Amino acid sequence: MKRVLVATDGSDGGNRAVDAAAELAKTTNATLVIATVGGNVTGAELRRLASTDGDLSKTLETKADRVLRQAARRARRLGIKSPILRCGWGDPAETILDFVRREKADVVVVGRRGRSRLSQLLLGSVSQKVTNLAPCTVVVVP
Ligand SMILES: Nc1ncnc2c1ncn2[C@@H]1O[C@H](COP(=O)(O)OP(=O)(O)OP(=O)(O)O)[C@@H](O)[C@H]1O
Ligand SMILES: [Mg+2]
């Protein structure tokens, strides 16, 4: 195994995916790529963000940066010295799949659920789409 890519939205599920991916990368001596797709906030969050001062796009960038920094910290704690960090914009699943192809990942790791947890579905829509369309092995972390 050469490259493990993990997608996180900063949720508990995303954090568990990062931990599992870091352990997998560590034991298989693989490079770890951590990816997040920014800008996917709920309507309520967006209203709150838009009503606060400052540049909305800057705020969203800062949020995405924070997700990546926090994930990198978790990975380092598990022994991954220099994870590769990637931030994208757009449809989360499509963007994750783009990263998987571009980074030539051998495995993609996602959480079962993410930040919205609105529907009663067992799998979130992003993990579902990634699982269905990924060109490589997919690991879904509960
Ligand atoms: N914006 C994102 N950037 C990177 N990874 C993401 C993103 N959104 C989701 N993921 C990945 O997909 C996993 C499942 O999240 P998903 O969004 O599918 O579920 P959800 O938020 O519970 O439901 P919903 O379908 O309403 O978004 C997350 O744990 C994470 O690994
Ligand atoms: Mg989600």
Side-chain angles (χ1 to χ4, degrees), residues 1-28 30-52 54-142:
M1 197 170 301
K2 292 185 287 286
R3 280 168 105 76
V4 175
L5 186 142
V6 60
T8 178
D9 55 358
S11 63
D12 291 347
N15 284 341
R16 286 194 292 275
V18 169
D19 291 356
E23 272 167 15
L24 183 62
K26 180 81 188 157
T27 50
T28 58
T31 301
L32 181 67
V33 182
I34 304 174
T36 194
V37 182
N40 286 91
V41 291
T42 61
E45 267 180 306
L46 192 59
R47 269 193 298 279
R48 193 172 47 76
L49 287 172
S51 66
T52 55
D55 185 339
L56 182 57
S57 67
K58 272 269 165 308
T59 311
L60 293 175
E61 257 171 53
T62 310
K63 273 183 104 126
D65 271 357
R66 203 176 301 141
V67 168
L68 283 181
R69 257 186 291 124
Q70 182 204 350
R73 206 179 314 124
R74 294 183 85 93
R76 281 197 207 94
R77 230 181 281 143
L78 290 165
I80 305 292
K81 283 198 198 75
S82 33
I84 296 173
L85 306 181
R86 293 281 179 266
C87 177
W89 302 89
D91 176 79
E94 291 293 350
T95 310
I96 292 165
L97 289 165
D98 262 359
F99 278 132
V100 167
R101 286 185 288 261
R102 246 189 290 161
E103 298 291 335
K104 298 193 174 23
D106 301 285
V107 180
V108 54
V109 183
V110 290
R112 188 153 62 191
R113 297 303 310 250
R115 291 178 56 237
S116 24
R117 307 193 123 271
L118 289 179
S119 70
Q120 296 302 308
L121 296 176
L122 295 177
L123 273 183
S125 60
V126 176
S127 39
Q128 202 166 73
K129 192 162 172 187
V130 169
T131 304
N132 287 332
L133 298 176
C136 63
T137 303
V138 181
V139 175
V140 181
V141 178

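We count ligands from 1, going down the list as the structure has it; atoms in each ligand are counted the same way. Predicted model only: the values in this text are computed from it and were never measured. Positions are given from 1, in the same order as the sequence printed here.
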Report task. If you have a sec, work out which protein heavy atom is nearest atom 3 (N) of ligand 1 and how many Å separate them, to one decimal? Result -> V37 N, 2.9 Å

Query raised in the report: Looking only at protein heavy atoms, which one is nearest to atom 17 (O) of ligand 1, and how far off is it?
Result: V126 CG2, 3.4 Å

Report summary line: Among A17, G114, A7, closest by heavy atom to atom 31 (O) of ligand 1 is A7

Query raised in the report: In the protein, what heavy atom is nearest to atom 13 (C) of ligand 1, and what distance, to one decimal place, separates them?
Result: G111 O, 3.1 Å

Query - Ligand-residue contact atoms, ligand 1 with G14, heavy atoms, under 4.0 Å - result: 29 (O)

Query raised in the report: Which residue holds the protein heavy atom closest to atom 25 (O) of ligand 1, what is that atom called, and what is the gap in Å?
Result: S125 OG, 2.5 Å

Query raised in the report: Can you tell me which residue and heavy atom of the protein come closest to atom 29 (O) of ligand 1, and the distance to 0.1 Å?
Result: R113 O, 2.9 Å

Query raised in the report: How about V110 and V126: do any of their side-chain heavy atoms sit closer than 4.5 Å?
Result: no

Query raised in the report: Going by distance only, is there an N or O of S127 that falls short of 3.5 Å from an N or O of ligand 1?
Result: yes

Query raised in the report: Where do G114 and D9 come nearest, in terms of heavy atoms and distance?
Result: CA-OD2, 3.3 Å

Query raised in the report: Nearest protein heavy atom to atom 4 (C) of ligand 1, by residue and atom, and its distance?
Result: T8 O, 3.1 Å

Query raised in the report: So which heavy atom on T8 is nearest to which on S11, and how close?
Result: OG1-N, 4.5 Å

Report summary line: Of all protein heavy atoms, the one nearest atom 7 (C) of ligand 1 is D9 CB, 3.5 Å

Query - Flag side-chain contact, heavy atom, 4.5 Å: N15 against R74 - result: yes

Query raised in the report: Is I80 close to K26 at the side-chain level, that is, under 4.5 Å between some pair of heavy atoms?
Result: yes

Query raised in the report: Is any side-chain heavy atom of L5 closer than 4.5 Å to a side-chain heavy atom of I84?
Result: no

Query raised in the report: Counting heavy atoms only, which of S11, S116, G13, A93 comes nearest to atom 21 (O) of ligand 1?
Result: S116

Query raised in the report: With a cut-off of 4.0 Å, which atoms of ligand 1 are near a heavy atom of I96?
Result: 4 (C), 5 (N), 6 (C)

Query - Where ligand 1 meets V110 - atom numbers and elements under 4.0 angstrom, heavy-atom basis - result: 31 (O)

**Report entry** Greater than 12 external heavy atoms within 6.0 Å of L49's CG
**Finding:** yes

**Report entry** Non-hydrogen atoms of A17 and V141 that approach each other most closely
**Finding:** CA-CG2, 3.9 Å

**Report entry** Sidechain-backbone polar pair: R86 side chain, F99 backbone, donor-acceptor under 3.5 Å
**Finding:** no

Report task. Please identify which atoms of ligand 1 are closer than 4.0 Å to at least one heavy atom of T36. Result -> 3 (N), 4 (C)

